[in-house]
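Just below is one structure, and these are the notes that go with it.
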Amino acid sequence: MTAKNNSTALRTHLCGEMHAEKIGQKVTLCGWVGRRREHGEHLAFLDLRDYSGIVQCVVDNSVDVRSEWVIRVTGTVQARPTGTVNENIPTGKVELVDCKIEVLNNAEPPPFPIDQRGDDVDENVRLKYRYLDIRRERMQKNLRLRAAVNSAIRKSMESQGFTEIETPLLMPSTPEGAREFLVPSRNEPGSFYALPQSPQLWKQLLMVAGIDRYYQIAKCLRDEDLRADRQYEFMQLDAEMSFVNKDDVMTMISTAVIAAAKAATGSEPPPIERMTWHEAMNDYGIDKPDLRFAMKLVELTKVFASTEFKAFASAESIKAICVRGADYPLQAASGRNKLDALTERAKKLGAKGLVWIKVADGSVLESPVAKFLSAKEQADLIAQTKATVGDLILIVADQWATTCSVLGQLRNDLGRPPVHEGPYRYVWIVDFPMFVGINPTTNKPQPGHHPFCHPHQEDVDRLETEPLSVRALAYDLVLNGWELGSGSIRIHEPELQRRVFRQLGISDEDADARFGFFLQPFKYGAPPHGGFAFGIDRLVAILAGEDNIREVIAFPKTQSGSDPMTNAPTTVDAAQLKELGIRLLPPAIK
RNA sequence: GGUCCCGUGGUGAAGUUGGAGUUCACGCCGCCCUGUCAAGGCGGAGGUCGCGGGUUCAAGUCCCGUCGGGACCGCCA
């Protein structure tokens with residue numbers, strides 16, 4: 001964790017290096033004054049703190065140093081007297097005595113405690129004084145863990161033959177997908193650069209350029225609303241490689257992710273399992289399944305194939321989740337109010353309704369609809385769900401996609417633990433559909449991923465005839481229900497790319513106008529290639545035991561996109577706007 | 001754009017059917033204290049209850065609006 005030699009002109013060691021083997025040595029340490037414990041005229045204990053830890057200094061109580069003052073202490077390392085060892089800190093067996101104190105800087109009292117109690121402070125206050133928040137052990141640990149992850153990824157990628165190449169931050173606007181941040185051009189008033197949502201276009205051009213294996217730990221920017229797992233700006237491991245299939249890509253990315261996880265946690269996760277998109281939707285109702293808990297979707301369509309119950313009679317797909325009373329006693333015992341709320345939730349998510357059934361003593365089904373279900377249906381229901389007394393069964397009957405997604409969301413609502421809780425469950429989701437549904441206004445298929453994904457070779461022929469049945473050579477990496485990243489084999493054949501664009505309602509002329517600079521190069525010998533990108537902030541947050549990426553970012557934005565410390569974003573003066581040829585509209589009146 | 005939660009000395013909280021800025025812990029300042037380690041004891045300072053309206057004899061408390069923060073939905077190809 002520390003460099004071999006931490007001595008500088010001002011210090012000989014770090015606080016955290018003060019262990020028993022240093023006893024007898026004269027050392028000089030620099031750091032901040034943590035806590036001060038006074039014991040009469042000629043004795044006080046100071047906790048001296050730097051990033052490596054704290055060490056106790058025994059000083060004369062006449063020394064005037066206070067909370068967070070920056071001091072330089074020269075003293076002798078001594079074993080603590082019998083009975084005064086502190087087992088709770090790594091340096092607890094020793095202390096510094098005969099201390100000479102030099103004040104390097106004094107300090108106002110900090111607005112919040114620079115210790116674990118800072119965790120409970122309003123996050124807005126922490127962000128306003130982020131430089132003090134980062135002094136705390138938690139943030140020091142998180143940022144250094146992040147650095148270790150970055151380093152492990154770089155080592156892994158380089159050892160696998162990848163070349164690190166930086167790509168531009170200022171690029172043309174390509175207004176597909178996420179909203180872009182725009183940067184006005186001074187030399188060409190009225191024209192704008194866009195900041196990259198990802199280096200996608202650049203890295204594919206690097207494949208045309210014969211780089212073969214590219215990677216970059218790249219900053220990406222998206223002007224979309226923020227969340228616990230989303231910031232305007234975020235870091236991605238961005239990679240692309242030539243002459244590969246999807247297994248090559250997933251193998252190499254898995255190697256880097258496993259190396260990062262090992263660097264962060266000290267233990268290597270098992271090989272990353274795979275699941276098709278259809279399996280994920282069918283069994284978990286979501287394309288980023290959280291495998292840490294069961295409550296899988298149970299197939300019931302055949303059970304109710306000839307039911308008298310109207311709500312089930314004509315449904316394409318009937319599925320259930322079983323909330324085990326043994327695992328989720330509160331949720332399974334939900335009263336009428338909670339069950340009504342669940343029903344409302346299901347309707348909001350697109351279901352026509354939600355059927356709830358409680359399994360009471362003697363396996364009697366308690367439900368408003370129990371009387372509509374035959375004895376065989378009830379028995380089969382119990383058999384399929386393996387429900388026992390005290391369990392709650394939630395059933396949705398609808399089109400397949402709706403049934404799955406509604407139950408998948410309810411499953412997460414009811415059973416999902418905080419994202420950082422172990423165990424870590426990585427999973428590759430493969431065989432995503434090329435298109436997801438039809439856009440009602442344009443009557444064209446909607447892209448599942450970006451439009452450069454290569455269709456599955458077996459499905460290319462159905463691109464025009466049955467577009468919704470076409471699988472893409474696309475894959476996502478999921479950890480504990482968070483999408484870490486996604487990738488695909490790209491289209492390298494210009495004609496196939498045009499066919500895909502046409503399916504999306506983008507004419508050849510439109511494609512040339514919007515992506516010409518990108519498509520033109522593919523005429524000059526683009527190799528087959530594919531790649532991947534995954535979010536470093538998300539991976540680090542989970543590995544650091546945090547459920548919010550702000551905790552692993554030095555200077556994050558709030559949920560409304562502002563920075564309480566710098567007050568960004570701010571207005572700019574008229575001269576700056578004039579130079580850019582920009583005139584502001586009056587504020588909208590509500 | 002939407003739903004829900006939060007806003008009380010520097011920090012974290014409590015504040016009842018509406019009745020005096022009341023309370024608790026930490027921090028801060030001063031004094032005391034020679035083995036503590038989130039030290040301890042005594043004393044003190046510190047608040048426009050986010051802001052603006054309204055109801056009321058009376059509002060931290062009820063109502064409306066607004067600002068800020070958070071969780072989620074939409075959005076994030």
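Heavy atoms only: backbone and side chains are in, while hydrogens, waters and symmetry mates are out. Just so it is clear: chains get the letters A, B, ... in the order the sequence lines come, proteins before strands, and each one is counted from 1.
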### Summary
The contact string for nucleotides 71-77 of chain B, one letter per nucleotide 5' to 3', using protein heavy atoms under 4.0 Å with B, S and - for base, sugar-phosphate only and none, comes out as BSBBBBB
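Minimum atom distance to the side chain of A:F112 is reached by B:U11, of the listed B:C37, B:U11, B:G69. In the set B:G69, B:G27, B:C26, the nucleotide with an atom closest to the side chain of A:D122 is B:G69. Ranking B:U11, B:G27, B:G69 by closeness to the A:R35 side chain, first place goes to B:G27.
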Side-chain polar contacts of residues 94-101 of chain A - donor-acceptor pairs under 3.5 angstrom, sequence neighbours left out - could you list them?
| from | atom 1 | to | atom 2 | distance (Å) |
| --- | --- | --- | --- | --- |
| A:E95 | OE1 | A:Q56 | NE2 | 3.1 |
| A:E95 | OE2 | A:Q78 | NE2 | 3.2 |

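Between A:H529 and A:I491 the shortest heavy-atom distance is CE1-O, 4.4 Å.
A:N567 places its CG atom 14 Å from the C1' atom of B:C67, with the value rounded to the nearest Å. Between the CD1 atom of A:I89 and the C1' atom of B:A39 there is a distance of 14 Å, given to the nearest Å. Rounding to whole angstrom units, CD of residue A:Q56 and P of B:A39 are separated by 10 Å. In this structure, the CG atom of A:N124 is 14 Å from the C1' atom of B:U11, given to the nearest Å. With rounding to whole Å, A:K557 atom NZ is found 13 Å from B:G69 atom P. The CG-P distance, from A:D223 to B:G1, rounds to 13 Å in whole Å. Look at CD1 on A:I114: it is 11 Å from C1' on B:U11, rounded to the nearest Å. The CG-P distance, from A:L43 to B:C37, rounds to 13 Å in whole Å.
Comparing B:G41 with B:C73, their P atoms sit 48 Å apart, to the nearest whole Å. B:C28 and B:G19 are spaced 33 Å apart, taking the C1' atom of each and rounding to whole Å. When the C1' atom is used for both B:G21 and B:A14, the distance is 14 Å, rounded to whole Å. Using C1' as the reference atom, B:G35 and B:U11 are 29 Å apart when rounded to the nearest Å. B:G40 and B:G47 are spaced 29 Å apart, taking the C1' atom of each and rounding to whole Å. Comparing B:U61 with B:G18, their P atoms sit 11 Å apart, to the nearest whole Å. Using atom P as the reference point in both B:U22 and B:A45, the two lie 13 Å apart (nearest Å). For B:G7 and B:C31, the C1' atoms lie 37 Å apart once the distance is rounded to whole Å.
Side chain of A:T167 to main chain of A:W202: no donor-acceptor pair is present (N/O by atom type, distance under 3.5 Å, no hydrogens or angles).
In summary, A:D225 and A:R230 do not engage in a salt bridge, as defined by a charged side-chain N under 4.0 Å from a carboxylate O. A salt bridge between A:R336 and A:D340 is present, with a side-chain N of the basic residue lying under 4.0 Å from a carboxylate O of the acidic one.
Using cut-offs of 30° and 60° on the angle between ring planes, the pair A:Y129 and A:Y131 is perpendicular. Note on ring orientation: taking the six-membered ring where Trp is involved, the planes of A:F181 and A:Y232 are perpendicular (angle over 60°, cut-offs 30° and 60°).
OP1 or OP2 of B:A39 sits under 4.0 Å from a side-chain N or O of A:R37. Put simply, A:S560 has a side-chain N or O that comes within less than 4.0 Å of OP1 or OP2 on B:G69.
Between A:L127 and A:P113, the residue anchored nearer the 5' end of RNA chain B, judged by the nucleotide with its closest heavy atom, is A:P113. Positionally, the nearest nucleotide of RNA chain B for A:H42 lies more toward the 5' end than for the other of A:H42 and A:R117.
Partners of A:D512 according to the side chain to side chain donor-acceptor pair (under 3.5 Å) rule, which considers only residues two or more places apart in sequence or in another chain, are A:R498. The side chain to side chain donor-acceptor pair (under 3.5 Å) test applied to A:N412 returns no partner, not counting sequence neighbours. In this structure A:R36 satisfies the side chain to side chain donor-acceptor pair (under 3.5 Å) test together with A:E38, A:N61, sequence neighbours excluded. By the side chain to side chain donor-acceptor pair (under 3.5 Å) test, A:K93 is found to be paired with no residue, residues two or more places apart in sequence or in another chain being considered.
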Below 3.5 Å between N/O atoms, which protein atoms pair up with nucleotides 28-33 of chain B? Just atom names and distances, please.
| from | atom 1 | to | atom 2 | distance (Å) |
| --- | --- | --- | --- | --- |
| B:C29 | OP1 | A:R66 | NH1 | 2.5 |
| B:G30 | OP1 | A:R66 | NH2 | 3.4 |
| B:G30 | OP2 | A:R66 | NH1 | 3.3 |
| B:C33 | O2 | A:E38 | O | 3.4 |
| B:C33 | N3 | A:G40 | N | 3.2 |
| B:C33 | N4 | A:E38 | OE1 | 3.4 |
| B:C33 | N4 | A:N61 | ND2 | 3.4 |

Review item, nucleotides 4-6 of chain B N/O atoms under 3.5 Å of protein N/O:
none

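Within the 4.0 angstrom heavy-atom criterion, only backbone atoms of the sugar-phosphate kind lie near A:D120; the bases stay farther away. Across all strands, A:T84 comes closer than 4.0 Å to base atoms (heavy-atom distances).
With a 3.5 Å ceiling on both atom-pair distances, B:G27 lacks any Watson-Crick or G-U wobble partner. Of all nucleotides present, none satisfies the Watson-Crick or G-U wobble test against B:U34 with each distance under 3.5 Å. A 3.5 Å limit on both hydrogen-bonding distances identifies no Watson-Crick or G-U partner for B:G18. The pairing partner recorded for B:G68 is B:C6, the criterion being a Watson-Crick or G-U wobble arrangement whose two distances lie under 3.5 angstrom.
Proximity of residues 480-507 of chain A to RNA chain B (heavy atom under 4.0 angstrom from any strand atom) is not detected for any residue.
Sequence neighbours left out, the pairs with a member in residues 49-71 of chain A that pass salt bridge (charged side-chain N to carboxylate O under 4.0 Å, His left out) are A:R49-A:E68, A:D64-A:R66, A:E68-A:R135. Listed by first and then second residue, the side-chain hydrogen bond (donor to acceptor under 3.5 Å, both in side chains) pairs involving residues 472-481 of chain A amount to none (not counting sequence neighbours). Within the structure, every pair that satisfies the ring-ring contact (aromatic ring centres under 6.0 Å, His included) test and touches residues 483-512 of chain A, not counting sequence neighbours, is listed here: A:F501-A:F515.
With 3.5 Å as the limit, one finds a donor-acceptor pair spanning the side chains of A:R490 and A:S488.
Cation-pi check for A:R538 over A:F234 is not met; the charged atom does not lie both under 6.0 angstrom from the ring centroid and within 45 degrees of its normal.
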#### Entry: A:E233 and A:K557: CA distance, side-chain angles, deciding distance, salt bridge (Lys or Arg N to Asp or Glu O under 4.0 Å) verdict
CA-CA 9 Å; A:E233 36 183 324; A:K557 304 280 190 290; 3.6 Å; yes
